[in-house]
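Scroll down for the structure; my scribbles are underneath it.
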Amino acid sequence: MVTSGRYRTVFHTAQEPADAFIDATRELRSWLIKKAERKDIDISAYDAGRARLGSGIIFLHNASSDGSGAQTRQWQLREYQDDGYWLSSLVVHAPPKPRNAEPLTWFWLDVEYVRTADKVDEDRKPVQAAVPGIARQLLAAVNARDHWAELTPNPILIRPDRVDELLEILTDEERRLPAVVASSHSHIPFHTWRGKVEEVTRFLPGLASLYILEPLAEAVFNEAVGAAFGVWGGAVRTYLPGLDLAVDEDAVRHRVLSEPRIQTDARRARQLLTGLPRRLAADGHLPGPLSRLARTAVAATSNWPKPPPVPEESVGPSPVALQREVTDLHRENSELRDLLEMAGHEEKKFREEIADSQSDLVDVSADLEAANEKIAELADWVRVLRRRLKDAGRAAEAYVPAEEPTSLPTQLPEVLDRLAELDRVEFTGDADAVWKLEEKAQSSTWAQTAWQVVLAFQDYAETVAEGKFNGDFRRWCSEPPSGVSAISAGKVKSDESKTVHNNVKMRRQRELPVPPEVDPSRRIHMWSHIYIGGNAGMSSPRLYFHDDVHGTGKIYIGYLGPHLTVKSTN
């Protein structure tokens, strides 16, 4: 079978599991009642717990728990039509209660059209699932959250006293979904424009957190974020996860939909706003608590028909023959369960591969946009310098090639080998982690990025050692002196979150080796790290380092490899 056009929303709530299960059950029944107004759905069959709710309509439900205290409820609705069926799947999962943290209950909703394999037509357009009514109902019924961001059916009004709250949400490192912020219109009454914003964002509930700035709040917001990250004049801006307001170069990732585009073609504006959030939600990594669950498990464990009782005396086949038939049915039933369980594992693996590819694509797109801007800037400089050389009567020198063209590494292990060329940067980590990255298609790009990082380390360390620079490496990249190597400051993080600091496992992962002259224990916590990929995505590799320029005169790289564990890790 082939799936396409999936709508997916994943969120959590601080509700107790029992309350979350009650709300989910209530909203599901309400949703089915509304569907029954258009379709032949037997609500009395649903209330009686039967699987068949009408012609071509199957509803399955399963509840499970384990020894750790985790509880899971799963519902699945299949509506057969034409060449396939609509599959609506809701999972509500309550992990074991943490000792010293707020309990979270997770909701995971998927809706998609599944075409049967023998009727698939490669040339047919994918069937796009709209925002389902059950999604809007759940978002209205429970306090749905993407970490700190509230997910609602309509944009949240931001007044001046809520701007600080919005800024915390936008810069929250654990935010998974985009945040869409609409500005007010200077010539259209606010309540009228608010209706227009609700119209162009109506396909986004569950895919992003939604906000609209009151006129007075807009001025406060734009002053706080700065010109590069602001939104005004009726425009709508999508702020992706990993937003860094301290680095203007990061602004290019956060797209602006202009007011003229919204006014000219609202339908096209909706598509432009929805496209990326929908892809990120449909194919992104599931949060850790949900990553071990398979959606198909509901079909594998619930509503299996019980074998008919074997009559002692009957006309027709003998009791022995009937018993043999029942035994065969049991065996086939067991085999089907095994196949469905296997399909669940394969689906999970396939989804993870798609999620990795989607995250990588976002990373590469961000890198390309930043690189294109840098190329354009450098091309302008080349033109200016060539013109100045011609004006100075040195036209022949304007096109002389470089005496020593730059040679970039094409493999990450080559980066480690070439560190011997530098005297201010030393790798102290495990090379095996570096080799793990070589399995990815982007490894050559990552190698070149990593080499640019170590060159920036070298120039920074030399300049500090000479007493010509007093800041840290992040400041070096934010305000690089003329003619030195530097990287985008948006890739540099000076510390980890409080969650990482307070978690024993996560702290231990970041306790990395250094020479004894740095620390007698030969290990030190390295909190400073660099995104080797395009942004803060989970697929983006990390480089952790310790700046000891004021001590031994060097920078030590303690780790270069896949993303280390954080709270949202699969």
Side-chain angles (χ1 to χ4, degrees), residues 3 5-13 15-63 71-82 84-94 105-114 127-146 150-154 198 201-208 210 274 278 281-282 290 293 295-299 302-303:
T3 62
R6 178 189 308 108
Y7 169 91
R8 167 176 289 174
T9 183
V10 175
F11 55 84
H12 61 73
T13 174
Q15 283 182 305
E16 290 294 329
D19 294 332
F21 297 147
I22 289 172
D23 284 346
T25 303
R26 182 189 65 243
E27 297 306 324
L28 272 169
R29 187 178 189 278
S30 171
W31 178 55
L32 288 172
I33 289 174
K34 292 177 182 177
K35 291 176 72 71
E37 297 174 359
R38 297 178 286 105
K39 296 185 177 182
D40 182 21
I41 295 180
D42 187 352
I43 297 300
S44 62
Y46 166 80
D47 291 336
R50 293 198 292 271
R52 188 172 297 278
L53 305 186
S55 177
I57 300 176
I58 306 296
F59 186 86
L60 304 176
H61 171 244
N62 180 51
Q71 303 176 66
T72 306
R73 301 288 186 275
Q74 297 172 291
W75 297 266
Q76 191 178 94
L77 178 69
R78 296 192 180 201
E79 303 170 82
Y80 288 86
Q81 57 178 248
D82 301 331
Y85 57 88
W86 281 103
L87 175 64
S88 304
S89 173
L90 174 64
V91 177
V92 182
H93 175 69
T105 303
W106 289 88
F107 285 71
W108 167 18
L109 174 67
D110 276 3
V111 177
E112 60 191 324
Y113 188 76
V114 182
V127 180
Q128 294 289 321
V131 181
I134 183 61
R136 297 184 190 276
Q137 289 181 217
L138 289 171
L139 293 176
V142 305
N143 185 15
R145 296 275 177 172
D146 170 27
E150 185 178 357
L151 303 183
T152 54
N154 292 305
E198 290 179 355
T201 60
R202 66 189 180 93
F203 293 156
L204 283 171
L207 306 177
L210 309 174
T274 307
R278 187 183 182 102
L290 296 176
L293 301 178
R295 209 182 37 178
T296 52
V298 63
S302 65
N303 291 289

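Numbers here simply count residues along the sequence, with the first being 1. We use all heavy atoms of the structure for the numbers below, so side chains are in, but hydrogens, waters and symmetry mates are not.
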Could you give me the CA-CA distance, side-chain angles and deciding distance for Trp108 and His93, then say whether side-chain contact (heavy atoms from CB on, under 4.5 Å) is met?
-> CA-CA 8 Å; Trp108 167 18; His93 175 69; over 6 Å; no
For Arg52, which residues count as a side-chain contact (heavy atoms from CB on, under 4.5 Å) partner, sequence neighbours excluded?
-> Ile58
Check whether any side-chain heavy atom of Leu138 lies under 4.5 Å from a side-chain heavy atom of Leu90, and answer yes or no.
-> yes
Between Ser44 and Asp42: side-chain donor-acceptor atoms closer than 3.5 Å = yes
Would you call Leu28 and Ile134 a side-chain contact if the rule is heavy atoms closer than 4.5 Å?
-> yes
For residues Leu109 and Phe11, determine if any side-chain heavy atom of one lies less than 4.5 Å from a side-chain heavy atom of the other.
-> no
Decide yes or no for Trp86 and Val127: does some side-chain heavy atom of the first lie under 4.5 Å from some side-chain heavy atom of the second?
-> yes
Val142 and Gln15 have their tightest heavy-atom pair at CG1-OE1, 3.3 Å
Please check if the side chain of Tyr113 supplies one atom and the backbone of Gly84 the other of a donor-acceptor pair under 3.5 Å.
-> yes
Residues forming a salt bridge (charged side-chain N to carboxylate O under 4.0 Å, His left out) with Lys34, sequence neighbours excluded = none
Check for a donor-acceptor pair, side chain of Arg78 on one end and backbone N or O of Leu60 on the other, with a separation under 3.5 Å.
-> no
For the residue pair Tyr85 and Tyr80, does the interplanar ring angle fall in the parallel (under 30°), tilted (30 to 60°) or perpendicular (over 60°) class?
-> tilted
